[in-house]
Structures are given as C-alpha cells and as structure tokens.
Peer 1: 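Dropping a structure here in structure tokens format, bear with me for questions.
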There are 2 protein chains.
Amino acid sequence: MKVTINDVAKLAGVSMKTVSRVINNEPSVRKKTHDQVMAAVKELNYQPNLAARNLAGTSSYAIGLVYDNPNAYYVIDMQNGVLSRCRQEGYELVIHPCSYADSDMKTELKTMIRRSRIAGLVLTPPLSEQQDLIDELDEMNMHYVRILSGRGDNKDNSACIYVNDYAAAYEITSHLLQLGHKNIAFICGDQGHKSTTERLAGYQQALADNQIQASEALLFRGDYSFESGVKGAKELLKNDNALGITAVMGGNDEIAAGALFAARLMNIAIPDELAITGFEDSPFSKQTWPKLTTAHQNNDEISQHAARLLFSKTRGARNQDKDITRIFTPSLVIRGSSDAKTA
Amino acid sequence: MKVTINDVAKLAGVSMKTVSRVINNEPSVRKKTHDQVMAAVKELNYQPNLAARNLAGTSSYAIGLVYDNPNAYYVIDMQNGVLSRCRQEGYELVIHPCSYADSDMKTELKTMIRRSRIAGLVLTPPLSEQQDLIDELDEMNMHYVRILSGRGDNKDNSACIYVNDYAAAYEITSHLLQLGHKNIAFICGDQGHKSTTERLAGYQQALADNQIQASEALLFRGDYSFESGVKGAKELLKNDNALGITAVMGGNDEIAAGALFAARLMNIAIPDELAITGFEDSPFSKQTWPKLTTAHQNNDEISQHAARLLFSKTRGARNQDKDITRIFTPSLVIRGSSDAKTA
DNA sequence: TTTCCTAATGATACCGGTGTCAAGGACGAA
DNA sequence: TTCGTCCTTGACACCGGTATCATTAGGAAA
C-alpha cells in the first residue's frame with residue numbers, strides 16, 4: 001500500500017540515503033545510479049512522506065498564505081496560483097485567513113508557524129502593509145514575500161511584489177479625460193490601505209498632468225464595499241448633481257457596483273449622464289448593467305511569482321537577489337459603464 | 001525557541017509519554033499529574049509538532065477539503081467553516097481544488113492523500129456526487145464526509161450532509177405562486193448536477209400541488225453561469241414574451257443575475273413585468289438591481305458540521321452513528337426582484 | 001499489615017525521512 | 001604500479017512525537 005524510501009532503495013539496489021539524494025536533486029550522484037533510482041521511484045510510484053521530511057529536515061516543505069481580505073475572488077486567485085507552484089515543487093500550502101483587527105492575530109500566526117513548521121509566508125494586502133507584523137516576522141527570522149500596492153518604493157531589500165495601482169488609476173483617469181470628462185469624482189476605499197493612497201495618487205496626478213485642479217469636494221472617503229459605493233455616489237451626486245460630476249471612479253469594483261446602484265436609484269443614465277469605473281476586474285464587473293470599465297490585474301501570475309520567489313528564498317538563495325522585486329501593472333479594461341460604444 | 005515534548009516533561013517532572021497522554025486527553029492520568037503537565041504546557045507555550053504527530057501516529061492530523069466549484073464565495077465559506085473546526089481540534093487543512101473533467105484528477109487526489117497523510121476528506125458538490133470517486137475512496141478505506149444536494153435519500157450509510165434544495169425550490173415557487181404568478185419559467189443549472197435535479201423537482205412539485213401543469217416550454221436547460229442566465233431569459237422571453245411568462249426562477253444567483261441583465265436589455269421592468277429569483281444568496285445577489293429574491297443556505301454551519309462529523313469518524317467513532325446525516329434547508333429571502341414592496 | 005488488582009507511569013522501539021561523517025571507488029599523476 | 005584526491009555511496013544518529021508493553025504505585029480487600 002504505502003511505499004517508503006526503503007522500498008525504493010531496495011528495488012534500486014542502493015541505500016536509502018542515495019534515494020534521498022536523488023529525489024532532492026543533490027549533486028554527486030552518478031548518472032547511472034540516478035537513473036536506476038528514478039526508475040524504481042516510477043515503478044513503485046513513490047511519494048516522499050511530507051511529515052517525515054518536515055520532521056527530519058532543517059527546512060520544511062510547507063508555506064503559508066496569509067490573508068485578511070473580504071474579496072473571495074481575490075483570495076481564491078491567490079490560493080490557486082500559489083498552490084499550483086506548490087504542487088510543482090512538492091510543497092504543502094497552509095492557508096491562514098485572519099483578521100488583523102483581532103488582538104491575538106499575531107499569536108495565532110506564530111502558533112500556526114510553529115505547529116506546521118512553516119518555511120515561509122506569502123503575505124497579501126492589506127496585511128502585507130502592516131509594519132509591526134513584518135517586524136515580528138523579521139525578528140523570528142521568518143522568510144516571507146509580500147504582495148503590495150506600490151511602485152517598487154520599499155526601502156529595505158525584502159522580497160516584494162508590487163501591484164502598480166498608481167499607474168492603473170492614472171490610466172483609468174486618462175481614459176475618462178480622453179472621453180471629455182472634466183469633473184471626475186473618486187470614491188476611496190479603506191483609509192488605512194496602501195492601495196487607496198496609490199489609486200488616489202494616480203487619479204490626482206492624471207488630473208494635474210491635464211491642468212485640472214483636484215478638488216476635495218469630489219472625493220468621498222469610504223471603504224471597499226458596495227454600501228460605501230452607494231453612499232458615496234448619493235453624497236457626491238446630491239442636490240440634483242449640484243457639483244456637475246460627469247464621471248465617478250470607484251476605488252474597486254464593489255464600490256463601482258454600489259455607485260451604479262445609486263445612480264439607478266437616482267435615475268441617472270450610465271454612461272450617458274455619468275461614467276463609472278471600477279478596479280480589479282472582479283468577475284461580477286461583467287455582470288452589472290452596464291458592464292464595468294475597470295483595471296485588470298493578473299492575480300494568477302502575481303501569486304505564482306510570489307510563490308516562486310518564496311521558494312528561492314527558503315531554499316537558501318544564491319544569486320536570486322536581483323529578482324527580488326517585480327512590478328505588475330493592472331491594465332485598463334474598457335466596458336460600457338464608461339463608454340457606450342463598447343456596451 | 002522551539003519547545004518540545006521533552007522540555008514540557010522535564011519541567012513537569014514526568015515522562016514524555018505522560019505529557020503525550022495529557023495533550024491527547026487519554027484516560028488514566030491522575031488529576032494532579034494532569035494539572036502539573038498543563039501548567040508546564042502553558043508556561044512554555046508548548047505546541048505539539050504536527051509533522052512528528054503525523055509521522056509517529058497511526059492516524060494523522062490533517063484533513064482535506066476537495067472542491068471543483070467555480071463559486072468563489074461558496075468555496076471560501078466552506079474553507080472558513082472547516083478551518084475554524086480544524087483550529088479548534090488541532091488539525092491541519094489541506095485544500096484541494098481540482099477539476100473533475102481532468103483525466104488524472106483521481107491520481108492527483110491520491111497523491112495528495114499519500115503525501116500529506118490525509119486522515120479524511122470533506123467533499124463538496126458537485127464532486128461529492130461522483131460515484132466513481134466515492135467507490136475509489138471506499139476502496140482505499142478513506143474516511144470522508146459528503147455535502148450533497150438531497151433529502152437524506154442516500155441508500156448506503158456513509159456520512160452525508162444534505163442541502164435540501166428541493167424544499168427550498170418548493171418554497172421559492174410557492175412564494176411566486178402566492179404573488180399570483182401562474183406562468184413561471186425555470187432556467188436550470190448544469191445537467192449533471194444533483195442540485196439541478198432537486199431544484200427542478202421542487203419547482204415542479206409546487207406547481208403540481210397548485211394544479212398547474214408544468215410545461216417543458218417554460219424550461220431552459222443551461223448551466224450555472226451568468227451567460228446561461230442571459231441566454232435562457234432571452235430564449236424564454238423571445239417574440240415579445242409570446243409565452244406570457246411572468247416569473248423566471250434561476251437555478252442559482254448567477255443565472256438570475258444573467259436573467260436580470262437580459263431583462264434589462266429587453267426593456268422589461270423587474271419585478272413589475274417580470275419577477276426573477278435566484279438561489280444560494282451569494283453576496284452579489286444584494287448588489288444587483290433590484291436585489292435578488294433567493295434561498296439562503298448557511299454554509300458556515302454546514303461546513304463546520306461536516307468537519308465535526310469527519311473528526312468523529314477519523315477518531316474512530318464509538319456511537320456517532322446516529323448523527324451521521326443531517327439535512328439543512330435553505331431559507332427563502334424575499335427581495336425586490338420578485339416583490340416590489342421589499343425593494 | 002499483607003495481598004492483590006488495577007490504575008498510573010515510564011522505557012523503548014519506531015514512524016520515514018535528512019544530516020553527518022566515514023568508507024569505498026575511480027581516476028589522474030608520479 | 002602506487003599513491004593521493006575527489007567523487008560516490010552508505011551507516012547511523014536524530015527529528016519529535018506515538019504505540020506497546022513492562023513496571024510501579026495506590027487503594028481495597030483479606
């Protein structure tokens with residue numbers, strides 16, 4: 001039933017240590033021996049026991065994915081990307097949803113790391129921005145890779161993967177400007193989040209580059225929720241749109257969907273009377289009416305890259321230093337909520 | 001840094017085996033000893049090493065969650081529910097997304113079970129309905145708990161948790177009938193899925209109980225997607241609604257959202273000219289316009305129950321046989337897509 | 001108090017790998 | 001051929017727990 005390293009060793013006519021060498025790709029194994037062992041592995045369909053490896057080895061074969069993100073689509077994307085690399089490399093994935101607001105979140109995380117002998121962590125936003133968490137991990141000498149909103153602006157040389165929300169917001173804003181919009185409002189996501197700051201900054205810079213004065217009145221500071229989008233749009237467009245707003249940018253797709261909802265309540269035609277845009281290209285952004293113009297980020301590639309980077313760290317990197325950061329820029333997806341021609 | 005069972009034993013002044021007994025709640029440990037050990041555990045903040053336990057023990061401390069479901073919300077709910085029980089019981093969760101259509105899916109699953117020494121599996125629909133998979137697991141003598149659409153109709157006495165889609169569909173249909181609808185169409189989900197059959201059956205029974213002849217013309221057989229909802233609604237309502245349909249039930253919320261979308265395209269007012277209902281109460285069903293009437297299923301409770309049931313099996317059940325099945329019935333949630341008063 | 005039985009505890013092998021270090025073998029140089 | 005060196009390989013301890021079985025201690029009965 002279950003095949004151990006000894007079975008393989010016996011069949012291949014070598015010692016178990018040699019089998020161990022082969023499956024770990026260690027050097028100084030003669031090719032002939034290597035082939036014999038591999039043949040035996042294949043014949044017996046041998047799978048190394050993870051528990052044994054984790055117990056015996058200095059480093060473990062498990063990494064953790066930590067998130068505190070209400071967006072199910074995003075989380076699933078991250079999981080699947082990381083998981084696919086894990087399967088390739090023979091690692092196990094331990095998922096760790098948590099709540100940063102929770103007082104004992106860090107204790108929980110430590111417990112999980114100890115119990116499962118975690119070799120490294122992939123941290124997703126907004127958790128990846130919490131400096132106190134990072135400090136703690138550094139103190140524990142824990143490997144980690146962060147996925148962050150930003151432009152490669154991190155001072156330390158830790159492993160980061162950036163999502164350039166700034167550039168994407170700039171692009172969305174430019175798109176609206178090109179359509180002739182001048183009075184563009186923005187509904188922000190959670191105040192604490194880096195993505196909020198970045199997206200806002202991109203929006204403001206695009207306005208500035210087009211000689212348009214950004215106005216605080218056109219800003220609604222909410223959070224990344226549908227309800228916030230509804231509330232923000234109602235507020236911004238109140239008094240029969242006294243501010244003369246012709247476009248609303250949502251901090252993410254939820255917000256945009258909320259704004260769409262509010263516009264519907266107020267009998268405002270989209271996109272004719274008002275353009276609305278989102279961010280992230282969640283699946284439901286194609287299911288609204290009209291479909292949402294948004295920025296698409298390649299979560300699968302991002303998460304796979306994160307995992308790869310982490311593996312190179314845990315395995316004791318040699319010359320991977322150069323590849324330590326990378327910036328992904330979400331790309332503009334134009335749909336009917338901003339441009340009637342694409343509806 | 002890392003605390004082992006020996007450290008605890010030394011501090012408590014007992015042998016490591018006694019510590020092992022205490023943390024596993026084995027009988028025949030004197031209360032005084034028990035307290036001493038627990039004190040030491042607490043003082044050192046001891047965490048048993050999972051890898052060691054898995055390696056040494058006969059049963060392991062890891063269970064798997066297997067799913068082939070495109071609905072991110074559903075999957076996350078399942079994960080979180082199972083995970084919360086796992087944390088309580090000191091188990092590890094190995095997630096296993098897969099694709100049943102994939103030819104080597106079963107091999108992959110087996111590999112994962114062997115590698116991670118999985119003690120048991122939680123199977124979610126539609127995977128949980130695949131008899132060949134079940135047979136294979138039985139053959140391997142693997143513990144599992146299935147979450148299934150059904151009414152407790154399983155012949156064998158394996159552990160099942162049923163979601164009574166039949167009753168829920170019956171309730172939705174009754175709701176529409178009460179509102180005066182007589183010509184109610186139904187857009188089915190994937191043909192292969194049990195939930196499709198069950199929901200359809202509930203719908204048909206409700207019609208029959210109200211002396212309404214179910215008509216094949218009012219049925220659209222699609223799949224559980226937004227696009228299918230769009231297509232189904234267009235087909236059913238074609239020729240200026242020649243069939244005189246006044247309500248459309250969607251097999252799930254995606255389909256309903258698609259139907260909503262199509263109605264919008266055709267300039268049909270919801271719910272005044274046409275009522276639409278969904279199924280599952282996904283988060284986005286509150287974000288459509290109007291909000292969707294649907295059936296809410298308590299996924300958190302379902303998944304937690306599944307995990308609990310599985311643990312009782314893997315631990316070598318004594319008298320848990322009675323608790324082996326349980327039926328959850330989703331509850332009707334009335335919103336604006338069927339009833340203008342609630343908009 | 002002694003005897004006996006059972007409950008409580010400990011000694012030790014073992015799970016399936018990895019790490020260390022020493023031994024064996026191949027091969028070029030002397 | 002002989003030696004030295006480096007490349008291959010294997011023996012064995014060990015990771016941190018659990019399982020088994022022997023041993024000890026405690027309490028009831030004699």
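Per chain, numbering begins at 1; letters A, B, ... match sequence-line order. No hydrogens, no waters, no symmetry mates; every other heavy atom, side chains included, goes into these values.
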Peer 1: For A/Pro27 and for B/Leu55, find the nucleotide of DNA chain D with the closest heavy atom, then tell me which residue's nucleotide is more 5'.
Peer 2: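 It is A/Pro27, whose closest nucleotide lies nearer the 5' terminus.
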
Peer 1: Just to be sure I understand the rule, does A/Asn24 reach a base, reach only the sugar-phosphate, or reach nothing, if contact means heavy atoms closer than 4.0 Å?
Peer 2: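 Sugar-phosphate, no base atom in range.
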
Peer 1: Please confirm whether the backbone N or O of A/His143 pairs with a side-chain atom of A/Lys313, one donor and one acceptor, at under 3.5 Å?
Peer 2: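 Not at all, since once roles are kept as given, no pair shorter than 3.5 Å links the two residues.
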
Peer 1: Taking atom NZ of A/Lys106 as the centre, report whether more than 12 heavy atoms of other residues, nucleotides or ligands fall under 6.0 Å from it.
Peer 2: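 Yes, enclosed.
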
Peer 1: When you measure from the side chain of A/Thr124 to the backbone of A/Val66, do you find a donor-acceptor pair of N or O atoms at a distance under 3.5 Å?
Peer 2: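 Here the side-chain-to-backbone pair exists.
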
Peer 1: Look only at the side chain of B/Asp102 and the backbone of B/Asp104, and say whether a donor-acceptor pair between them is shorter than 3.5 Å.
Peer 2: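 No: the side chain of B/Asp102 does not pair with the backbone of B/Asp104.
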
Peer 1: Just the endpoints, please: which first and last nucleotides of DNA chain D, 5' to 3', lie under 4.0 Å from a heavy atom of chain B?
Peer 2: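 In short, chain B contacts DNA chain D from D/dG16 to D/dG26.
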
Peer 1: For C/dG17, does OP1 or OP2 lie under 4.0 Å from any side-chain N or O of A/Asn54?
Peer 2: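 So the side chain of A/Asn54 is outside the cut-off, no N or O lying under 4.0 Å from OP1 or OP2 of C/dG17.
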
Peer 1: Could you check which residues of residues 35-47 of chain A get a heavy atom under 4.0 Å from DNA chain D? Sort them by number, please.
Peer 2: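 Heavy-atom contacts with DNA chain D come from no residue of residues 35-47 of chain A; none.
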
Peer 1: Return the value, rounded to whole Å, for the distance between atom NZ of B/Lys10 and atom C1' of C/dG10.
Peer 2: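 In whole Å, C/dG10 C1' and B/Lys10 NZ are 16 Å from each other.
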
Peer 1: Is A/Glu301 salt-bridged to A/Arg326, going by a charged N under 4.0 Å from an acidic O?
Peer 2: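 Yes, this pair counts.
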
Peer 1: Start at the 5' end of DNA chain D and walk down; is the nucleotide closest to B/Ala51 or to A/Val29 reached first?
Peer 2: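 It is A/Val29, whose closest nucleotide lies nearer the 5' terminus.
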
Peer 1: Counting distance only, does the side-chain N/O of B/Arg117 pair as donor-acceptor with the main-chain N or O of B/Asn54 below 3.5 Å?
Peer 2: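 Checking the backbone N and O of B/Asn54 against the side chain of B/Arg117, a donor-acceptor pair under 3.5 Å is found.
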
Peer 1: Could you tell me how far apart B/Lys31 (NZ) and C/dA8 (P) are, to the nearest whole angstrom?
Peer 2: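 About 13 Å, once rounded to whole Å.
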
Peer 1: Taking B/Ser303 for the side chain and B/Asp300 for the main chain, is one N or O donor matched with an acceptor at less than 3.5 Å?
Peer 2: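 Side chain of B/Ser303 to backbone of B/Asp300: a pair is present.
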
Peer 1: Nearest heavy atom decides the nucleotide; on that basis, is B/Arg117 or B/Val14 closer to the 5' end of DNA chain C?
Peer 2: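 Taking each residue's closest nucleotide, the earlier one in sequence belongs to B/Val14.
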
Peer 1: Restricting both atoms to N or O, compile the protein contacts to nucleotides 19-27 of chain C shorter than 3.5 Å, with distance only.
Peer 2:
| residue | atom | partner | partner atom | Å |
| --- | --- | --- | --- | --- |
| C/dG19 | OP1 | A/Thr58 | OG1 | 3.0 |
| C/dG19 | N7 | A/Lys17 | NZ | 2.9 |

Peer 1: Given C/dA7, is OP1 or OP2 found less than 4.0 Å from the side-chain N or O atoms of B/Ser28?
Peer 2: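 So the side-chain polar atoms of B/Ser28 never come under 4.0 Å of the phosphate oxygens OP1 or OP2 of C/dA7.
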
Peer 1: Can you find a heavy atom in the side chain of A/Leu65 that is under 4.5 Å from one in the side chain of A/His96?
Peer 2: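 Sidechains of A/His96 and A/Leu65: no contact.
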
Peer 1: When you measure from the side chain of A/Thr33 to the backbone of A/Val29, do you find a donor-acceptor pair of N or O atoms at a distance under 3.5 Å?
Peer 2: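 No, A/Thr33 side chain to A/Val29 backbone: no donor-acceptor pair under 3.5 Å.
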
Peer 1: Judged by atom type as modelled, is there a donor-acceptor pair below 3.5 Å linking the side chain of A/Asp68 to the main-chain atoms of A/Leu127?
Peer 2: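 Here the side-chain-to-backbone pair does not exist.
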
Peer 1: Can you measure B/Ile5 atom CD1 to C/dC14 atom P for me and round it to whole angstrom units?
Peer 2: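 Taking CD1 of B/Ile5 and P of C/dC14, I get 19 Å after rounding.
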
Peer 1: Counting only heavy atoms not in A/Met38, do more than 12 fall under 6.0 Å of its CE?
Peer 2: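 Atom CE in A/Met38 is not packed in, count stays at 12 or less.
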
